[in-house]
Amino acid sequence: QVQLVESGGGLVQAGGSLRLSCAASGRTFSSYAMGWFRQAPGEEREFVAAIPRSGGSTNYADSVKGRFTISRDNAKNTVYLQMKSLKPEDTAVYYCAARLRPLIAVTPQLYNYWGQGTQVTVSS
């Protein structure tokens with residue numbers, strides 16, 4: 001049983017920052033790889049960032065490298081996505097996902113559980 005709840009989305013001007021949080025249930029959270037994906041209206045869900053169970057090596061989509069940072073606090077069962085220098089093209093619903101394996105993946109089909117999503121809107 002894994003439940004994920006995202007929060008922290010909102011409206012921000014271009015160049016601004018937001019920090020998304022994903023609170024997870026379960027006593028085995030520390031064994032899961034975690035990822036962030038986003039989906040704009042009429043578009044497919046795309047990979048944003050992922051972090052392995054160790055919290056060490058991370059992976060980012062080219063479009064967000066240098067601007068976004070994924071992190072996790074296993075003691076709090078929480079994953080974060082710090083977003084800086086936001087652009088209008090970052091506008092999307094952002095989803096937290098859990099993969100019941102220790103290593104990260106970049107395709108949504110390889111994740112087992114998903115949150116409900118949180119809206120991020122970046123204005124010009």
Side-chain angles (χ1 to χ4, degrees):
Q1 297 286 94
V2 178
Q3 293 180 312
L4 306 173
V5 180
E6 303 97 334
S7 62
L11 175 64
V12 64
Q13 292 185 335
S17 300
L18 283 175
R19 189 194 192 200
L20 306 184
S21 298
C22 173
S25 65
R27 302 184 69 180
T28 58
F29 173 79
S30 62
S31 69
Y32 308 155
M34 302 294 296
W36 286 97
F37 294 77
R38 65 188 182 186
Q39 187 168 19
E43 303 292 333
E44 293 188 330
R45 192 165 299 185
E46 67 173 348
F47 170 76
V48 176
I51 187 168
R53 62 183 295 184
S54 67
S57 180
T58 55
N59 193 22
Y60 298 91
D62 289 342
S63 60
V64 306
K65 285 182 179 177
R67 299 189 298 120
F68 291 10
T69 302
I70 187 172
S71 61
R72 67 191 298 164
D73 186 341
N74 289 344
K76 296 182 178 180
N77 279 14
T78 302
V79 176
Y80 305 95
L81 185 68
Q82 179 66 56
M83 305 184 294
K84 299 180 179 179
S85 300
L86 283 162
K87 306 174 181 179
E89 49 263 47
D90 294 319
T91 296
V93 176
Y94 283 71
Y95 296 91
C96 174
R99 173 169 160 79
L100 303 184
R101 302 293 294 273
L103 301 181
I104 61 175
V106 299
T107 58
Q109 292 80 4
L110 296 179
Y111 285 78
N112 304 101
Y113 296 96
W114 295 83
Q116 81 288 349
T118 184
Q119 177 71 47
V120 172
T121 302
V122 184
S123 62
S124 300

Please report the interatomic distance [atom1]([X]) to [atom2]([Y]), rounded to the nearest 0.5 Å.
X: Phe68; Y: Gln82; atom1: CZ; atom2: CD; value: 9.5 Å
X: Arg72; Y: Ser30; atom1: CZ; atom2: OG; value: 7.5 Å
X: Ile104; Y: Asn59; atom1: CD1; atom2: CG; value: 4.5 Å

Provide the closest heavy-atom pair for [X] versus [Y] in the form atom of the first, atom of the second, distance.
X: Ala14; Y: Pro88; value: CB-CD, 4.2 Å
X: Tyr60; Y: Ala49; value: CD2-CB, 3.6 Å
X: Ala97; Y: Tyr111; value: CB-CD2, 3.6 Å
X: Ser17; Y: Ser85; value: OG-N, 4.4 Å
X: Ala105; Y: Ala50; value: O-CB, 4.0 Å

Practice prompt. Can you establish whether the number of heavy atoms outside Glu89 located under 6.0 Å from its atom CD is more than 12?
Written response: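 Atom CD in Glu89 is packed in, count exceeds 12.
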Find out if a path of hydrophobic residues (ILVMFWY) with successive side-chain heavy-atom gaps under 4.5 Å connects [X] to [Y].
X: Phe29; Y: Leu81; answer: yes
X: Val12; Y: Val48; answer: yes
X: Tyr80; Y: Leu18; answer: no

Item to complete: Evaluate the ring planes of Trp114 and Tyr95, with Trp represented by its six-membered ring, and classify them as parallel (under 30°), tilted (30 to 60°) or perpendicular (over 60°).
Response: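 Rings of Trp114 and Tyr95: perpendicular, as their planes differ by over 60°.
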Got a donor-acceptor contact below 3.5 angstrom from the [X] side chain to the [Y] backbone?
X: Arg99; Y: Leu110; result: yes
X: Thr91; Y: Val122; result: yes
X: Gln116; Y: Val5; result: no
X: Thr118; Y: Glu6; result: no

Minimum side-chain heavy-atom gap [X]-[Y] below 4.5 Å:
X: Asp90; Y: Arg67; value: yes
X: Leu20; Y: Met83; value: yes
X: Asn112; Y: Val2; value: no

Discussion item. One pair to check against side-chain contact (heavy atoms from CB on, under 4.5 Å): Leu4 and Met34. What are the steps and the verdict?
Written reply: CA-CA 11 Å; Leu4 306 173; Met34 302 294 296; 4.1 Å; yes
Item to complete: Could you please spell out the steps behind the side-chain contact (heavy atoms from CB on, under 4.5 Å) verdict for Cys96 and Trp36?
Response: CA-CA 5 Å; Cys96 174; Trp36 286 97; 4.0 Å; yes
Worksheet item: How far apart are the C-alpha atoms of Thr107 and Gln109, what are their side-chain angles, what is the distance that settles it, and do they pass the side-chain contact (heavy atoms from CB on, under 4.5 Å) test?
Response: CA-CA 5 Å; Thr107 58; Gln109 292 80 4; 3.6 Å; yes
Worksheet item: Ring centres of Tyr113 and Tyr32 under 6.0 Å apart?
Response: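 Aromatic pair excluded; centres sit 6.0 Å or further apart.
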Worksheet item: Is a side-chain donor-acceptor pair under 3.5 Å present for Arg38 with Tyr94?
Response: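 Per modelled atom types, Tyr94 and Arg38 side chains form a pair under 3.5 Å.
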